[in-house]
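Order of the sequence lines sets the chain letters (A, B, ...), proteins ahead of strands, with each chain counted from 1.
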There are 2 protein chains.
Amino acid sequence: MDELDSAIVEHLQRDARQTNRELARKLGIAPSTCLERVRALRNRGVITGYHAAVDLRALNRPVQALLSVRVRPLGREVIEGFKRYAAGLPEVLSVFVVAGGEDFLVHVAVPDVDQLHSFLLDRFSERPEVVDHHSSVIHQHLSNPVTSPLGPIGTG
Amino acid sequence: MDELDSAIVEHLQRDARQTNRELARKLGIAPSTCLERVRALRNRGVITGYHAAVDLRALNRPVQALLSVRVRPLGREVIEGFKRYAAGLPEVLSVFVVAGGEDFLVHVAVPDVDQLHSFLLDRFSERPEVVDHHSSVIHQHLSNPVTSPLGPIGTG
DNA sequence: CAATCCACCGAATTGAATTCGACAGATCGT
DNA sequence: ACGATCTGTCGAATTCAATTCGGTGGATTG
């Protein structure tokens, strides 16, 4: 994980579909070298995958929310169970298992606010382990495409 | 946005780097047709980009948290200002502008808990518009790679 | 100092992306 | 109902990129 690896990762976070040749040109290295580096980053697990990002409005899911959930009793079974349950729901974009006032924060995207309401009632309120929840509608969501290493980078 | 477009989007969300030929084969269509569809999805703004996903531990940022922030006075200037400020910080993965008890939820990744503490003190507490904040450390984060359309899909 | 190793490179090969003319089904106007 | 047109699909041909691999040089090791 030297500076070159770091630069490769940043470029691929911005655009994972640029050609290997173009990436190599930007970095001032040979395409074969670049290919080898990218392959190594993937094999080492630094790069975990390549994903298309979509416009949720185009998918008929313009309304997003972050749902705080408290479950009881607190224990591995209940936490694991709810986590998998939530992650499997089609409305769910991601599930955060957190420490603090709440146990989960669930990021959802739905067609409209009515369906958000229905979702809460049908999917959360009915679950016996869910003792409390409240929702925060998301007005804007800014994602940072680039995630650089913080602090010293090991050289090998 | 018919079923074929939907299937293309789902496949590219899982793996944005599979070859066009492979994608076409999975869908049972000609590579040229597939290419045309993908290009159209991109031009229409359904697919907004292609991004490499990284292992935050490999980037020396194993500690994640969701930070709730309240700012005052509430107004466009203050909201926009803090939003851009937060989004520009290297520790920040994404910024949610929310309605409800809090004004922002900021997803951060840092090397250790000490740096989380420092981050809060140096980046948030010192800002005059920040009147309150609290942090939830993230134990696990499950992301759903696939985001399918909910409800009816328009045929055009 | 010689041997070894490793990352990098460039040429050659393999294989994919892209273009484009043709075709068929749907749509529209008369 | 019919012909004209439009649109999406296809396959062959071309262009370009991914991939392989043997060679080179700089760094490391004993």
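- If you measure from atom CD of Gln18(A) to atom C1' of dA18(D), you get 15 Å, rounded to the nearest angstrom.
- Atoms CG (Leu35(B)) and C1' (dA13(D)) sit 15 Å apart, rounded to a whole Å.
- Judged by distance alone, with hydrogens and angles left aside, the side-chain atoms of Gln115(B) form no donor-acceptor pair with the main-chain N or O of Gly151(A) at under 3.5 Å.
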Steps toward salt bridge (charged side-chain N to carboxylate O under 4.0 Å, His left out) verdict (Arg72(B), Asp132(B)): CA-CA 9 Å; Arg72(B) 291 294 181 277; Asp132(B) 190 26; over 6 Å; no
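- Salt-bridge check for Arg44(A) with Asp5(A): passed, with a basic side-chain N closer than 4.0 Å to an acidic carboxylate O.
- Across the helix from dC1(C)-dG30(D) to dT30(C)-dA1(D), the helix axis at one end is tilted relative to the axis at the other end by 40° (nearest 10 degrees, each axis from five pairs).
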Write out a two-atom table: protein N or O, nucleotide N or O from nucleotides 8-15 of chain C, distance below 3.5 Å.
unit_1	atom_1	unit_2	atom_2	d
dC8(C)	OP1	Arg37(A)	NE	3.4
dC8(C)	OP1	Arg37(A)	NH2	2.5
dC8(C)	OP2	Arg37(A)	NE	3.0
dC9(C)	OP2	Ala30(A)	N	3.0
dC9(C)	OP2	Thr33(A)	OG1	2.7
dG10(C)	N7	Ser32(A)	OG	3.2
dG10(C)	O6	Ser32(A)	OG	2.8

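- Cation-pi check for Arg127(A) over Tyr85(A) is met; the charged atom lies under 6.0 angstrom from the ring centroid and within 45 degrees of its normal.
- Between the CZ atom of Arg17(A) and the P atom of dC16(D) there is a distance of 19 Å, rounded to whole Å.
- Regarding Asp5(B), its CG atom lies at a distance of 14 Å from the C1' atom of dT7(D), rounded to whole Å.
- With hydrogens and angles ignored, the 3.5 Å screen pairs a side-chain donor or acceptor of His51(A) with a backbone N or O of Gln13(B).
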Tell me, with the steps shown, if Lys26(B) and Glu22(B) meet salt bridge (charged side-chain N to carboxylate O under 4.0 Å, His left out). CA-CA 6 Å; Lys26(B) 286 177 185 169; Glu22(B) 188 177 343; 3.6 Å; yes
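- Note on Arg39(A): only backbone sugar-phosphate atoms sit closer than 4.0 angstrom, heavy atoms only; bases stay farther off.
- Here dA17(C) presents its P atom at 16 Å from CD of Glu22(A), a figure rounded to the nearest Å.
- As a whole-Å value, the separation of Asn20(B) CG from dA17(D) P is 16 Å.
- Using a 30° and 60° split on the angle between ring planes, Phe82(B) and Phe104(B) fall in the tilted class, from 30° to 60°.
- When rounded to the nearest whole Å, the span between CD1 of Ile8(B) and P of dT9(D) equals 9 Å.
- The backbone N or O of Leu67(A) lies less than 3.5 Å from no partner atom in the side chain of Ser135(A), so there is not a single donor-acceptor pair.
- Judged by distance alone, with hydrogens and angles left aside, the side-chain atoms of Arg17(B) form a donor-acceptor pair with the main-chain N or O of Ala16(A) at under 3.5 Å.
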